[in-house]
Amino acid sequence: MTAPLMICEHCDTVYRRRELACGEVARCVRCDAVLERHHRWSAGAMLALVLTALVVFVQANIWPIVTLGLNGQLVSARLWDTILMMWNDHSQIVAVLAAATLFFIPLGKMLLLGWVLLFARRGERAPGFRLAMVILHHIKPWTMSEVFVLGALVAIVKAHVYFDVIPNPGIFAYAVMMLLITVFAGIDLRRLWDMTAERTA
Ligand SMILES: [Zn+2]
């Protein structure tokens, strides 16, 4: 699906493209600019990663995040319980920010990426490919699960002074999702443009 020729972005020299081996980088002979890097992640591998992240995301939202022990009573809280507690506790802005950064944006990102990759696996551009790529580019800095996990860990350690706080599986699921999202952040999605072609039906 990739074009047979490529042009150096810096000096306009034209090269014939060849398949790169793992870890290889093609450089321009005239100006030493990077032409192309070996693609470590195929579309299929990325899709598998997105699906894994989705499964973990569902678990992170179904399972309680923490259990609080108060006067001998144990209360388990899920992500949405915590968000609703914040909303009812006059912290609407924090509640909305938490819901957006921990739920809607990561979910939207995974669904969009999954949709694009589903077609990219066959070298095709999904319906709405252009729009999806623009949105993905803009929400890139807005997945703050890592901030959340760090904050939650600090809160658990601090709250331990006052109550019994038991971290629940949900928090570990969030930690795993955070790792997966960090992996996504390292993938240059722009090359999906090269990996796919407009469908000619
Ligand atoms: Zn060049």
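Note that the coordinates shown come from a computational prediction; the quantities given were computed from them, not determined experimentally. Counting convention: from 1, in listed order, for ligands and their atoms alike.
- Take Ile7 and apply the side-chain contact (heavy atoms from CB on, under 4.5 Å) test, not counting sequence neighbours, and it matches Asp12, Val14.
- In terms of the salt bridge (Lys or Arg N to Asp or Glu O under 4.0 Å) criterion, residue partners of Arg18 (sequence neighbours excluded) are, by chain and number, Glu24.
- Protein N/O/S atoms closer than 2.8 Å to the Zn ion (ligand 1), listed by chain and residue number, are Cys8 SG, Cys11 SG, Cys28 SG, Cys31 SG.
- Among residue pairs with one or both ends in residues 57-69, those qualifying as side chain to side chain donor-acceptor pair (under 3.5 Å) are Thr67-Ser76, Thr67-Asn168; sequence neighbours excluded.
- In this pair, Phe57 and Phe103 present their aromatic rings tilted. The plane angle is within the 30 to 60° band.
- Between Val29 and Thr13 there is no side-chain heavy-atom pair separated by less than 4.5 Å.
- Closest approach of Val116 to Ala126, counting heavy atoms only: CA-CB, 4.2 Å.
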